[in-house]
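A short write-up of the structure that comes next.
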Protein chains: 2
Amino acid sequence: MLDAIISEHGRDLTCAVGENLFVQGDRSDFVYFVKAGLLKASYLGADGREQIKTILTPGMAIGSMTALTSDGRCSFGVQAVEESIVRAVPYSMLRSAAAEDLSSAQEVIEILADLARRKERREYELLCLSAEERYLLYLKEVAPRAPSLSQMDIAAYLGITPPALSRIRRRHGMTQQPKHE
Amino acid sequence: MLDAIISEHGRDLTCAVGENLFVQGDRSDFVYFVKAGLLKASYLGADGREQIKTILTPGMAIGSMTALTSDGRCSFGVQAVEESIVRAVPYSMLRSAAAEDLSSAQEVIEILADLARRKERREYELLCLSAEERYLLYLKEVAPRAPSLSQMDIAAYLGITPPALSRIRRRHGMTQQPKHE
DNA sequence: AGGCGTAATTAACCCGGGTTAAGTGCGATG
DNA sequence: CATCGCACTTAACCCGGGTTAATTACGCCT
């Protein structure tokens with residue numbers, strides 16, 4: 001089964017806070033399985049602005065599809081928000097395992113289907129929800145599993161700037177700590 | 001191989017302009033392979049607003065991942081923009097073919113990986129690009145394959161309203177036909 | 001030909017988010 | 001303890017997109 005391949009050919013990596021698993025532009029052909037911790041996958045704009053694509057929590061898998069399947073470079077990077085442990089496996093290893101063993105193939109299909117499902121949902125949120133609605137959804141579904149995210153990161157995840165997030169929080173009465181003169 | 005399963009268990013559907021392949025809320029467990037024509041996959045908001053998720057051209061496959069894998073309902077619908085021909089195959093058929101035959105499994109993996117790659121790109125565009133940038137990208141990459149799309153549909157694909165699209169087009173000097181008094 | 005319905009454009013106004021800058025609180029560091 | 005830096009908040013202003021409504025153009029139907 002696939003677990004055996006992952007155990008044999010994969011290796012555990014420990015990421016300190018702020019450490020990059022890989023950065024935008026890299027040629028990483030690895031798939032990473034998050035075992036513990038918290039990481040963020042993000043795009044870095046030419047102007048230095050960061051947009052967070054995915055908040056990664058244990059149980060999730062990540063890899064740049066374009067880098068994996070088109071011999072391209074990673075269109076985004078992954079950085080640890082908390083100390084994290086991930087298992088890195090070359091995508092080619094998964095593919096060859098799937099090419100030789102039926103049950104491994106099923107598991108790869110499951111992983112890809114799960115990835116597609118998550119992306120489908122994210123696409124819906126970005127396309128159909130307002131920033132405020134996305135924040136409320138974030139509070140309900142992501143925040144419980146990522147309590148250590150900064151407001152900056154939350155804003156980058158929602159696709160807005162920190163001041164915009166602050167305004168939304170203010171409207172909901174969840175700020176008001178510093179009393180600006 | 002998978003083609004045989006698709007030929008045997010799938011069936012061709014012909015969609016007239018405006019016809020729905022399936023609508024939001026359906027329990028469709030089919031995957032559709034576009035053979036000819038042009039279709040759109042879209043979310044319908046409670047207020048009746050349409051947001052187009054994907055423009056479907058020949059060679060692409062579509063299906064609601066949440067409906068396929070979580071026994072849920074389709075989160076979006078698919079409608080023909082031009083007269084189209086699609087081949088419908090139950091997802092369960094693909095899965096069982098992939099469970100019995102290694103080469104079929106590889107093909108299913110290819111289909112899912114391609115889907116994930118497309119979604120990854122779309123996610124990037126929605127998260128990082130402005131409406132204007134998305135329109136320019138649309139002109140370069142989608143328009144050539146979908147010349148019959150209305151401005152309404154283009155706007156819905158970009159996530160904006162027709163007036164907003166008109167303003168963008170005006171800025172680029174690509175309008176000016178009707179001279180509004 | 002005349003009339004209707006719809007798509008596309010434009011205008012006017014509003015609102016939400018971006019930008020910039022300033023102020024506040026807090027933790028790390030010396 | 002004092003200072004520095006950074007995250008967070010707020011304010012002021014601008015700009016782009018939403019909303020609504022009016023106008024034009026065009027296809028379709030009778």
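First the proteins, then the strands, lettered A, B, ... as listed; each starts at 1. All values below were derived from every heavy atom in this structure, side-chain atoms included, with hydrogens, water molecules and symmetry-related copies excluded.
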Taking [atom1] from [X] and [atom2] from [N], how many angstroms apart are they, rounded to a whole number?
{"X": "B:Arg134", "N": "D:dG16", "atom1": "CZ", "atom2": "P", "result": "14 Å"}
{"X": "A:Glu50", "N": "D:dC6", "atom1": "CD", "atom2": "C1'", "result": "15 Å"}
{"X": "A:Gln51", "N": "C:dG17", "atom1": "CD", "atom2": "C1'", "result": "13 Å"}
{"X": "A:Tyr135", "N": "D:dC8", "atom1": "OH", "atom2": "P", "result": "11 Å"}
{"X": "A:Ile168", "N": "C:dG18", "atom1": "CD1", "atom2": "C1'", "result": "13 Å"}
{"X": "B:Arg170", "N": "D:dT24", "atom1": "CZ", "atom2": "C1'", "result": "14 Å"}
{"X": "B:Leu165", "N": "C:dT10", "atom1": "CG", "atom2": "P", "result": "11 Å"}
{"X": "B:Glu132", "N": "D:dG16", "atom1": "CD", "atom2": "P", "result": "8 Å"}

Check your understanding: Is A:Asp26 salt-bridged to A:Arg73, cutoff N-O under 4.0 Å?
Key ->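 A:Arg73 and A:Asp26: not salt-bridged.
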
Practice item. May I ask you to say whether A:Arg95 pairs ionically with A:Glu100, meaning some side-chain N is under 4.0 Å from a carboxylate O? Key: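 No salt bridge links A:Arg95 with A:Glu100.
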
May I ask you to verify if any side-chain N or O of [X] is less than 4.0 angstrom from the OP1 or OP2 atom of [N]?
{"X": "B:Arg169", "N": "C:dT9", "result": "yes"}
{"X": "A:Thr175", "N": "D:dT10", "result": "yes"}
{"X": "B:Thr161", "N": "D:dT19", "result": "no"}
{"X": "B:Arg171", "N": "D:dC15", "result": "no"}

Residue [X], side-chain heavy atoms: nucleotide from [options] that is nearest:
{"X": "B:Ser166", "options": "D:dT9, D:dT19, C:dT9", "value": "C:dT9"}
{"X": "A:Ala131", "options": "D:dT19, C:dG17, C:dT9", "value": "C:dG17"}
{"X": "A:Pro163", "options": "D:dG17, C:dT19, D:dC8", "value": "C:dT19"}

Exercise for review: Ignoring hydrogens and angles, state whether a donor on the side chain of A:Arg145 or A:Thr57 is under 3.5 Å from an acceptor on the partner side chain.
Suggested key: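 Side-chain D/A pair, A:Arg145 to A:Thr57: present.
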
Exercise for review: Take A:Ser150 and B:Gly159, find for each the nucleotide of DNA chain D with the closest heavy atom, and name the residue whose nucleotide sits nearer the 5' end.
Suggested key: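 By nearest-heavy-atom nucleotide position, the 5'-most residue is A:Ser150.
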
Review point. Is the gap between the ring centers of B:Tyr32 and B:Phe22 under 6.0 Å?
Key: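 Under 6.0 Å, so yes.
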
Check your understanding: Within 45° of the axis and under 6.0 Å from the centre of the six-membered ring of A:Tyr124, does NZ or CZ of A:Arg134 qualify?
Key ->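 The answer is no, since A:Arg134 fails at least one limit relative to A:Tyr124.
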
Exercise for review: Identify whether any heavy atom of B:Arg167 sits under 4.0 Å from a base atom; if not, whether one sits that close to sugar-phosphate; answer base, sugar-phosphate or nothing.
Suggested key: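 B:Arg167: base contact, heavy atoms under 4.0 Å.
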
